[in-house]
Structure formats: structure tokens, C-alpha cells
Amino acid sequence: MNEWAGAAGKLDLGAYLRRVGYAGPRRPTEETLRALHHRHLAAIPFENLDIILGRGVAVDLESVQAKLVDGGRGGYCFEHGQLFAAALERTGFTVERLLARVSRPGPVLPRTHLTLRVSTPDRSGTWLADVGFASSPPEPLALRPLRPGGSQDLGGWTYEVAPDDEEGRTWALRELQGREWVTLYRFEDSPVFPADVVMGNHYTSTHPDSWFTRTPVVARRTPDAVTSLLGRVLTVTRPGHVKERRELDDEEWAAALAGVFGLEFAPGERAALLASADGV
């Protein structure tokens, strides 16, 4: 039984396409996938600000659409993944939801990241498509045919999707940062159900060990840069993992939120977000 069947029918595809600025073909081809991936990343920022404001995050498609499409907001991985998956399914792609463990030093983290495995209807092409990682790859990564350990250059950004265990059930997404390969996350080749997404989102948006409950994070990916705001620090990362950082004052922070990321908040909300940013 496919518990995701029919969910995409709740998406207003026309409104989504207007939100991301896409007016091209709606056929399930590699070209369509890459174009939608580019447009989504450029139009809809990554952000966790509703968590910081105490509103929480809902991951049912109707709530995600109301926030990210109709409301002009951004979201984090569970929201982006739900929205992009529905848009791709409405376009005719086959989409498998996958849960991943973000790679950080210390104990193994729970599966708190949602990514997508996308295939054409005839399965002639399969890709890892991720528009919900703060530093998502700028394009989908080819999985079929997959060259184990083979790297893929995407406009100066270099990645690989490689087996991460002997059984071939766990895979790692790695990025070449300078001269070092860095694992971004690991995902398991196992079915994901709607309840798994609800559970992962609940942990990520409410558990005190989740840094998303403490730290305001906003990011936007364009083909040539990742621009992120972590607390008060604005960082621009370019191909080769070249970084420019600077700390923003109150006025600069508000201007960046609206101008760089297209996010508008009432004065009281901005004050609350800034107070949280000062704690980073």
C-alpha cells in the first residue's frame, strides 16, 4: 500500500509554478526536473523562523502550501521536501521520500532530514533531488546509472553519492570542500511513511537537543552561491567553498532578511528573532 498516493492531488500546481517562476514544459524529463530544482531553490528560502517564534511547523501538504506558496515564506527540509515531492508527482515523476542523518561530530543523530529520490516514469533516469538542505546541491545528482564513488561537478560544486556500508543499504552524500571530502548526510534505502515525516519533524521542531529550536537559520541557494544567515552572521559561500562572513547590526540584519531572503516580519517578530540571534 502506497500511503503517499493521492496526496499530491491537494497541491495547486499552477500556484506553485507561479511561486517559483517556472513557465516551461510540464513533462517528466531530466530537463524539467533540473529546471524546477533551480527555480525552487532560488525562489523559496530555507528557514526555521516559525520555530524560533514559537509557532511550530506543520508538515501536511495543505499547511506547507499555505505557508510556502500562498504565504510567500520559506521553510526547512520537511516542508520543502513535501512541497517539491508533490509538484514532481503532479508533473509525472515517481518520487520516493528518504530520511537521512545529518553528519556532525559526536553521537549519531536521528533521521531528521527529508530528501527525495526521483525517477522518470520508465525508470531510465533516477536522481537524488534535495531542495531542503540549507546548502542543497544546485542541481539533482544522478543516481542511475550510479558510479560508486564517482564525483559529479555541478557548475564548480563537486559532489558524490557513495555506498556507506557493506550491505549497500546506506548511502552518503559528500561534498568536496576545498581539498577535503565532507559527508553532508547519510540516507538509508528503506521505505518512509507519512508518520515517519511527522515524527522526524516533531523531534526537529520541538526537542531541546535540536539546534533548530535555539538558532535562527535562513539560507538561499543560487547556482553560483549559498547565502546564509546564522544568528547575526551573514555568510556567502562560492564554488571551491570560498566563504565571506560578516556580522550584521540590527538594521543590516532586518535589511538582509527582507532584501536577500524576501522575508517580511512585523517589528515585534523581528525583535524576537534578533533576541534569539544574539544568543548564538
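Nothing here was measured: the structure is a model prediction, and the numbers come from that model.
Proximity of W4 to V197: side-chain heavy atoms (C-beta onward) are separated by under 4.5 Å at one or more points. With contacts defined as side-chain heavy-atom distances shorter than 4.5 Å, the pair V64/K10 does not qualify. No side-chain heavy atom of L99 sits under 4.5 Å from any side-chain heavy atom of E188. Put simply, the side chain of W127 reaches to within 4.5 Å of the side chain of T120, judged on heavy atoms. Taking 4.5 Å as the limit, some side-chain heavy atom of D249 sits within range of a side-chain heavy atom of E252. V57 is not listed as a side-chain neighbour of F78, based on a closest heavy-atom distance of 4.5 Å or more. Q65 places a side-chain heavy atom less than 4.5 Å from the side chain of L11. Counting only heavy atoms from C-beta outward, the side chains of F93 and S119 never approach each other to under 4.5 Å.
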Verdict with supporting geometry, L49 and L257, side chain to side chain contact (heavy atoms under 4.5 Å, CB included): CA-CA 11 Å; L49 302 183; L257 197 65; 4.0 Å; yes

TODO: Take Q152 and E139 through the test side chain to side chain contact (heavy atoms under 4.5 Å, CB included) and record every step on the way to the result.
DONE: CA-CA 10 Å; Q152 301 180 48; E139 298 181 18; over 6 Å; no

Criterion side chain to side chain donor-acceptor pair (under 3.5 Å) on T29 and T32, from CA distance to verdict = CA-CA 5 Å; T29 65; T32 300; 3.1 Å; yes

Trace of the side chain to side chain contact (heavy atoms under 4.5 Å, CB included) decision for M199 with F193 | CA-CA 10 Å; M199 182 64 75; F193 300 96; over 6 Å; no

Start with the C-alpha distance between D196 and R111, add both sets of side-chain angles, then the distance that settles salt bridge (Lys or Arg N to Asp or Glu O under 4.0 Å), and finish with yes or no.
CA-CA 9 Å; D196 299 322; R111 298 192 302 165; 5.1 Å; no

**OP:** Report the C-alpha distance between L98 and W171 in whole Å, list the side-chain angles of each, state the deciding distance to 0.1 Å, and finish with yes or no for side chain to side chain contact (heavy atoms under 4.5 Å, CB included).
**Re:** CA-CA 11 Å; L98 301 168; W171 298 79; over 6 Å; no

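Remark: H202 NE2 is loosely packed, at most 12 non-hydrogen atoms of other residues, nucleotides or ligands lying under 6.0 Å away. For CZ of R245, the number of neighbouring non-hydrogen atoms (other residues, nucleotides, ligands) closer than 6.0 Å is 12 at most.
Considering only residues two or more places apart in sequence or on other chains, Y185 meets the ring pair (Phe, Tyr, Trp, His ring centres under 6.0 Å) condition with H113, F133. Considering only residues two or more places apart in sequence or on other chains, R26 meets the side-chain hydrogen bond (donor to acceptor under 3.5 Å, both in side chains) condition with none of them. Partners of Y16 by ring pair (Phe, Tyr, Trp, His ring centres under 6.0 Å), not counting sequence neighbours, listed by chain and number: H40.
Hydrophobic clustering of Ile, Leu, Val, Met, Phe, Trp and Tyr side chains at less than 4.5 Å, counting indirect connections, keeps L141 apart from L33. L68 and L13 fall within the same hydrophobic cluster, where Ile, Leu, Val, Met, Phe, Trp and Tyr residues are linked whenever their side-chain heavy atoms come under 4.5 Å apart, directly or through other members. Hydrophobic cluster membership is shared by L263 and L53, with clusters built from Ile, Leu, Val, Met, Phe, Trp and Tyr side chains linked at under 4.5 angstrom. Under the 4.5 Å side-chain contact rule for hydrophobic residues, L83 and L36 share a cluster. Each of L41 and V260 belongs to its own hydrophobic cluster when Ile, Leu, Val, Met, Phe, Trp and Tyr are linked at side-chain heavy-atom distances under 4.5 angstrom.
Shown here for V242 and P239, the closest heavy-atom pair between the two residues is CG2-O, 3.9 Å. Minimum heavy-atom separation, I52 to F212: CD1-O, 3.6 Å. Nearest heavy-atom pair across L109 and R101 is O-NH1, 3.1 Å. Across every non-hydrogen atom of P137 and L154, the tightest pair is CB-CD1, 4.4 Å. Contact record, G132 with H80: CA-CB, 3.7 Å, taken as the closest heavy-atom pair. When every heavy atom of T204 is checked against every heavy atom of S210, the shortest pair comes out as O-OG, 2.6 Å.
A distance of 7.0 Å separates CG in L230 from OG1 in T235, rounded to the nearest 0.5 Å. Atom-to-atom distance recorded for T237:OG1 and E244:CD is 9.0 Å, nearest 0.5 angstrom. For the atom pair CD of E160 and CH2 of W181, the computed distance is 4.0 Å after rounding to the nearest 0.5 Å. Rounded to the nearest 0.5 Å, atoms CD (E269) and CZ (R55) are 4.0 Å apart. The CG atom of D224 sits 8.0 Å away from the CH2 atom of W157 when rounded to the nearest 0.5 Å. Residue S103 holds its OG atom at 10.5 Å from CG of L173, rounded to the nearest 0.5 Å.
Judged by distance alone, the side chain of R221 and the main-chain N or O of S136 form a donor-acceptor pair under 3.5 Å. Side-chain atoms of R214 come within 3.5 Å of backbone atoms of P208 as a donor-acceptor pair (strictly under, hydrogens ignored). The backbone N or O of D278 sits nowhere less than 3.5 Å from a side-chain atom of R232 that would complete a donor-acceptor pair.
Screening R174, E180, E175 against Q177 for a side-chain hydrogen bond (donor to acceptor under 3.5 Å, both in side chains) leaves a single residue, E175. Checked options N48, N201, T112; the residue passing with Y76 is N201 (criterion: side-chain hydrogen bond (donor to acceptor under 3.5 Å, both in side chains)).
Here R117 pairs with D189 in a salt bridge; the nearest charged N to carboxylate O distance falls below 4.0 Å. Note on R19 versus D70: no salt bridge recorded, every NZ/NE/NH1/NH2 to OD/OE distance being 4.0 Å or above.
Cation-pi geometry between R104 and W211 is met: the NZ or CZ atom falls under 6.0 Å from the ring centre, inside 45° of the normal.
Taking the six-membered ring where the residue is Trp, the centroids of Y203 and H207 are separated by under 6.0 Å.
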